[in-house]
Amino acid sequence: MSKELLEQNIAKAQLETDRKKDIVKKGKMRQRYHFMPQTGWLNDPNGLIYFRGKYHFFFQWNPYSGFWDSMHWGHAVSDDMLHWEYLPLALAPSETYDDYPKGGCFSDSAIEYDGKLFLMYTGTANTGKGVEQTQCIAYSEDGIHFEKYAGNPVITAPEGISVDCFRDPKVWRHEDTFYMVCGASRNKRGLALLYKSEDMLHWTSSGAQPVIIHVVSGKGNYISNNHIVASTEKAGMETELSDSCFSAQVNALTNTDKLVKLDVTAVRIEKESVQNIILDSGSDKQVVLDRKANAFRATPVPEEMNESF
């Protein structure tokens with residue numbers, strides 16, 4: 001690990017920003033209300049957190065041009081979420097695990113632990129074997145100046161997971177344990193992988209099977225929302241999307257907890273209710289995603305609904 005190289009690369013990016021910011025500030029299309037970086041390319045917001053009396057906002061940023069390229073973590077703070085003060089960059093590519101020019105320091109989380117501000121991000125590298133993505137840690141005593149953990153990467157892609165589609169960790173704490181869910185891909189199917197840690201540095205698999213959230217033909221997909229989740233390892237949904245149609249296959253539990261497999265051809269949200277989403281199976285059963293129970297249930301289709309799809 002090279003702390004000096006990280007500091008040099010942050011300083012280099014800051015010099016580039018200072019050189020351009022006054023010119024960019026005069027742009028006619030410059031936003032006056034929504035947040036924009038001082039220069040360069042902006043995409044994903046990262047690690048939104050309240051730490052030591054300030055709202056901290058990190059973001060994916062290429063300070064060198066108005067195009068996606070080598071990703072850094074920009075940083076700003078606010079007292080009210082409306083007026084933002086730019087701070088020095090939090091992260092810049094500097095290590096063999098995150099210095100790929102067409103990658104860098106990808107998204108995604110910030111959390112407070114033991115009086116420090118921890119960042120968990122995806123490092124993107126290419127040592128000649130193609131793009132490799134791993135999960136890494138950085139931390140700060142003051143919430144401004146960050147140091148990358150000497151033991152990075154803390155998580156590498158498990159066997160069978162595409163190493164170029166393993167990214168965007170989201171961390172939270174429940175009681176005394178940290179949990180992290182990470183987007184991944186296996187056999188061109190998107191997955192959510194769950195890990196846990198006692199100290200933010202040493203991570204193990206939760207032991208649960210990865211949950212397939214969504215599938216797009218031809219490529220993997222990533223975490224899109226928190227609604228399509230099964231309460232058991234057996235009950236879940238796989239979808240296929242083409243240019244003109246949507247179809248899905250659901251493993252649903254009947255009222256007797258018998259597992260059934262149904263092809264789904266339409267989606268309808270129950271009127272006057274946001275608790276249930278009904279998926280027509282084209283058979284004598286409908287599949288209900290019960291958000292309260294986080295489970296798919298197969299129930300008989302009422303007669304009056306038989307002609308509704």
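All values derive from a computational prediction rather than experimental measurement.
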Set of ring-ring contact (aromatic ring centres under 6.0 Å, His included) partners for Tyr50, sequence neighbours left out:
Tyr55
Restricting to non-hydrogen atoms, name the atom on Gly160 and the atom on Arg186 that form the minimum distance, rounded to 0.1 Å.
O-CG, 3.1 Å
Cluster check Ile144, Phe51: I/L/V/M/F/W/Y, side chain < 4.5 angstrom
no
If only atom types and distance count, is the side chain of Lys20 paired as donor or acceptor with the main-chain N or O of Tyr64 below 3.5 Å?
yes
Solution key, residues 6-13 side-chain donor-acceptor pairs under 3.5 Å, sequence neighbours excluded:
from	atom 1	to	atom 2	distance (Å)
Asn9	ND2	Pro93	O	2.7

Applying ring-ring contact (aromatic ring centres under 6.0 Å, His included), name anything that partners Tyr139, two or more places apart in sequence or on another chain.
Phe118
For Phe57, what residues pass the ring-ring contact (aromatic ring centres under 6.0 Å, His included) criterion, not counting sequence neighbours?
Phe35, Phe59, Trp84
I need the full list of salt bridge (charged side-chain N to carboxylate O under 4.0 Å, His left out) pairs touching residues 97-109, with sequence neighbours left out, sorted by first then second residue.
Asp69-Lys102, Asp98-Lys148
Taking all heavy atoms of Trp61 and all of Gly74, pick out the closest pair and write down the distance.
CE3-CA, 3.6 Å
I'd like to know whether Val77 forms a side-chain contact (heavy atoms from CB on, under 4.5 Å) with Leu87, so could you lay out the CA-CA distance, the side-chain angles of the two residues, the decisive distance to 0.1 Å, and finally the verdict.
CA-CA 7 Å; Val77 294; Leu87 291 182; 3.4 Å; yes
Is there a side-chain contact between Val163 and Val131, using heavy atoms and a 4.5 Å cut-off?
no
Quick note, salt bridge (charged side-chain N to carboxylate O under 4.0 Å, His left out) partners involving residues 81-93, not counting sequence neighbours, are none
Does the side chain of Leu194 reach to within under 4.5 Å of the side chain of Met180, using non-hydrogen atoms?
no
Is a donor on one side and an acceptor on the other found under 3.5 Å between the side chain of Asp114 and the backbone of Lys116?
no
For Tyr33, which fellow cluster members are found when Ile, Leu, Val, Met, Phe, Trp and Tyr are connected by side-chain heavy-atom distances below 4.5 angstrom, either directly or through intermediates?
Leu82
If you define the side chain from C-beta out and look only at heavy atoms, does anything of Gln133 sit under 4.5 Å from Tyr100?
no
From Cys182 atom SG to Lys170 atom NZ, the distance as rounded to the nearest 0.5 Å:
13.0 Å
Minimum side-chain heavy-atom gap Leu201-Tyr113 below 4.5 Å
no
How close do Cys136 and Asn152 get, counting heavy atoms only, and between which atoms?
CA-OD1, 3.5 Å
Please answer whether the main-chain N or O of Thr156 pairs with a side-chain N or O of Thr134 as donor and acceptor at a distance below 3.5 Å.
no
Tell me, do Met120 and Phe178 make a side-chain contact under 4.5 Å, heavy atoms counted?
no
Heavy-atom closest pair (Lys21 atom, Asp18 atom, distance to 0.1 Å) is NZ-OD1, 3.5 Å
May I have all residue pairs that pass side chain to side chain donor-acceptor pair (under 3.5 Å) and include part of residues 34-49, sequence neighbours excluded?
Trp41-Asn43, Asp44-Ser107, Asn46-Gln60, Asn46-Ser107
Could you state the interatomic distance from CE (Met200) to CD1 (Ile137), rounded to the nearest 0.5 Å?
4.0 Å
Just jot down the side chain to side chain donor-acceptor pair (under 3.5 Å) partners of Ser162, sequence neighbours excluded, or say none.
none
Check for a donor-acceptor pair, side chain of Ser185 on one end and backbone N or O of Cys165 on the other, with a separation under 3.5 Å.
no
Separation of Gln14 CD from His72 NE2 (nearest 0.5 Å):
11.0 Å
To the nearest 0.5 Å, how far apart are CZ in Arg52 and CG in Asp142?
7.0 Å
Check whether any side-chain heavy atom of Lys54 lies under 4.5 Å from a side-chain heavy atom of Asp79, and answer yes or no.
yes
Is there a path of hydrophobic side-chain contacts, each under 4.5 Å between heavy atoms of I/L/V/M/F/W/Y residues, joining Leu89 to Leu91?
no
For the student: nearest non-hydrogen atoms of Gly103 and Phe106, plus distance:
O-CE1, 3.3 Å
Per side-chain contact (heavy atoms from CB on, under 4.5 Å), Gln135 is matched among Tyr195, Phe166, Trp203 by Phe166
Measuring from atom CD1 of Ile161 to atom CG of Leu191, what distance do you get when rounded to the nearest 0.5 angstrom?
5.0 Å
Could you pull out the closest heavy-atom pair between Leu117 and Gly143, with the gap in Å?
CD2-CA, 4.0 Å
Once salt bridge (charged side-chain N to carboxylate O under 4.0 Å, His left out) is applied, what residue pairs with a partner in residues 117-136 remain, sequence neighbours excluded?
none
Excluding sequence neighbours, so at least two apart, what forms ring-ring contact (aromatic ring centres under 6.0 Å, His included) with Phe146?
Phe58
Just jot down the side chain to side chain donor-acceptor pair (under 3.5 Å) partners of Asp22, sequence neighbours excluded, or say none.
none
Approximate separation, where rounding is to 0.5 Å, of Ser197 OG and Arg173 CZ:
10.0 Å
